[in-house]
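Lettering follows sequence order; numbering is per chain, from 1. Keep in mind that what you see is a predicted model, and the values were worked out from it rather than measured. Scope of the values below: all heavy atoms of this structure, side chains included, with no hydrogens, waters or symmetry mates.
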There are 2 protein chains.
Amino acid sequence: MATPAAFASLAALMGDPARAAMLQALLSGEALTAGELARIAGIGAPSASAHLARLVEGGLVLVHPQGRHRYHRLASEEVAAAIEMLGGLTMTVTPARRWPHGEALRTARLCYDHLAGRLGVALHGALVGRGWIAPAEGGWAATTAGEAGLAGLGIDLPAARRARRFACDCMDWSERRPHLAGGLGREIAACCLRRHWLGRLPPEGPADPLGRRRLRLTPEGARRLGESLGINALP
Amino acid sequence: MATPAAFASLAALMGDPARAAMLQALLSGEALTAGELARIAGIGAPSASAHLARLVEGGLVLVHPQGRHRYHRLASEEVAAAIEMLGGLTMTVTPARRWPHGEALRTARLCYDHLAGRLGVALHGALVGRGWIAPAEGGWAATTAGEAGLAGLGIDLPAARRARRFACDCMDWSERRPHLAGGLGREIAACCLRRHWLGRLPPEGPADPLGRRRLRLTPEGARRLGESLGINALP
DNA sequence: GGCCGGCTTCGCCCCCGAACGAAGGACAGC
DNA sequence: GCTGTCCTTCGTTCGGGGGCGAAGCCGGCC
C-alpha cells in the first residue's frame, strides 16, 4: 500500500471544494477549459489556474493546449473510478439529508465515459449472461457471438479496441456490483446517447455540476436494448 | 452525486498525513485504541484525539469504549473499499519510485477483513466458475453445491450469514476485477489465516503500518485450495 | 480513599495554502 | 502591427487547522 504521506497528499488534492467541483465536472468525460472550470468552481481565474496546475502535477488531470484554450480532462479511468467511489461514499456516510436526484442517479448515470447505475449493471450482466463477452487477460474480450450482437446494436467495435483497455470492470457505488468500463463501455454509452436511446436529464434547481449526468432511457432505447439484451424494466 | 462541498470535506478528512496513517492502520480490520493510533501516526495524544473525533464525526470510524480504552475501527466495508481504492490510485498515479512490497501486495493481501490481490480475485473466479455462489439480491448467495464445498473447506457459513451482507463484490485495485467481500469473504480469510494456509509476511525495513497486510500462501494452503478450487499458481 | 494511566479539553502558536488584484506572456483575427 | 481574449505568474493578505503543553476527567486497581 502507498505510504500514508502519498495517500494523504492524493486525498488532500481532492479535498478542496474548488478542486472537488472541478473533478466532478470532469467526471462527465468532457474536456473543459480553465475558464469553464473556474466558473464551475466559483473562483477566479488565477485560483483556478493554480488548482489545475496542482491537479496536473498530481497526475489526476491531463491538459492539452489548443490555440489559446487549455483543455483539461481526467487522467485515466482509474481516477474517474476513485472519484466515483468517493462520491458514493459521501452519500452513504452522510445520511443527514436526502441527496438531490439520488434515486434518479441510481437508475442510470454516466461514470466518466460509460454507463453506471442499475442500467450499467444490467448491461454488464446481460453481456456476460448472453456470452457476448468472456473473461480475458486484464478484463473481458468479445466472443464471436458478441461481435455479431454488438455490431447489430450499432456499436463501433474497432473504435472500442483502440482504447487502452477493451473492456474491464468498474465498481458501481450504488449497486455494489461491477459495470462495464473500457473502450467497449465507452462506445456503448456513446452509441446510446448518439442514437437517443438515452437522454440526459437537465439539472433541476441550483447548479449542481453533476446533475446533468443523470440519464433517462427513452422508449426507442428501451425497445432496442430490451430486444437485444432483455433490459426493459427501467423507470 | 454528492455536492462538491460534502465530497471535498470527506476527501479532506482522509487528506491529512496523520489521519491517513490511522485509516490505513485500521484497514487491517483490527480495532485499535487511541494511544496505539497516536503512536502509529507519530503524533501526540491530544492531536490524535482531535483527529479521531473528526473521523468519527465524519462517519468514517466507529468507537466503542471499553474500560479506560477506546477502541476505534472503520465504520463499514464501504469505507474500507474507498480507502483501498484510493491507496491503489496513489500507486498508479505517482510512479515516481517503486513502492516497497508492491509486487508482494499484488499477489495476496488483506483488504479490510477479506482477501485481495491475485489470490482474492482467483478465489472469486473459482467460486463463481464452480457454481458455488450465484447472483442474488445485493450480491451473491451460496448454492447447494457451494454450501457443501465451503463447509468441506472448513468455512463457518452460519457466521458468514450473520454479517450485514453475506457476499458481495469489492473492486480489487491491483487486478481491476472484483474479489469477494462480505461475511463469506471475511470467513474465508479468517479460516485461511486460522489454519495457517496463509501466513502474514512481516514488514521489512522502516515502519509501514500496512506492511503486515501482505500474505503468503503456505504449502498446506496451496494444497487445500488447489484441491478444492484449482488455485495453485501463486508465488 | 488514594493513586495511576488513558484520554479529552483548553489555550496558544505557527504555518500552510486558498483567494484576489495587478501585471505579463501567448494566441487568434482584423 | 494592434486589439481582445485566455491563461499564467507574482506578491500579498488572511483564515483554517494541525501541533503541543498543561490541566481536567474518568475508570480501574491496590
Looking at B/Arg186 and B/Glu77, does any basic side-chain N land under 4.0 Å from a carboxylate oxygen? no
Quick one: [X] [atom1] to [N] [atom2], roughly how many Å, whole number?
X: B/His69; N: C/dT8; atom1: NE2; atom2: P; result: 12 Å
X: B/Met14; N: D/dG18; atom1: CE; atom2: P; result: 15 Å
X: A/Leu37; N: D/dT8; atom1: CG; atom2: C1'; result: 15 Å
X: B/Ile43; N: D/dG18; atom1: CD1; atom2: P; result: 10 Å
X: B/His72; N: C/dT8; atom1: NE2; atom2: C1'; result: 11 Å
X: B/Asp16; N: C/dC15; atom1: CG; atom2: P; result: 17 Å
X: B/Leu13; N: D/dG16; atom1: CG; atom2: C1'; result: 15 Å
X: A/Glu36; N: D/dC7; atom1: CD; atom2: P; result: 8 Å

* Asked: When you measure from the side chain of A/Arg195 to the backbone N and O of A/Gly221, does any donor-acceptor pair fall under 3.5 Å?
  -> no
With the side chain defined as heavy atoms from C-beta on, B/Arg68 is closest, among C/dA18, C/dC7, D/dG28, to D/dG28
Distance check: side-chain N/O of B/Ser47 vs OP1/OP2 of D/dC20, anything under 4.0 Å?
-> yes
With sequence neighbours left out, the residues meeting salt bridge (charged side-chain N to carboxylate O under 4.0 Å, His left out) with B/Arg161 are B/Glu147
* Classify the nucleic acid contact of B/Ala34 as base, sugar-phosphate or nothing, counting any heavy atom under 4.0 Å across all strands shown. => sugar-phosphate
Practice problem: Would you indicate what B/Arg70 reaches in the nucleic acid, counting non-hydrogen atoms under 4.0 angstrom: base, sugar-phosphate, or nothing? | Solution: sugar-phosphate
Using 30° and 60° as the class boundaries, would you call the ring planes of A/His114 and A/His179 parallel, tilted or perpendicular?
tilted
Between A/Val79 and A/Ala75, the two heavy atoms sitting closest are CG2-CB, 4.4 Å
Within residues 49-57 of chain A, the residues having a heavy atom closer than 4.0 Å to DNA chain D are A/Ser49
A/Leu13 side chain reached by A/Leu23 side chain, heavy atoms, under 4.5 Å:
no
*May I have the step-by-step check of side chain to side chain contact (heavy atoms under 4.5 Å, CB included) for B/Met14 and A/Leu86, ending in yes or no?*
CA-CA 11 Å; B/Met14 307 197 211; A/Leu86 220 52; 3.5 Å; yes
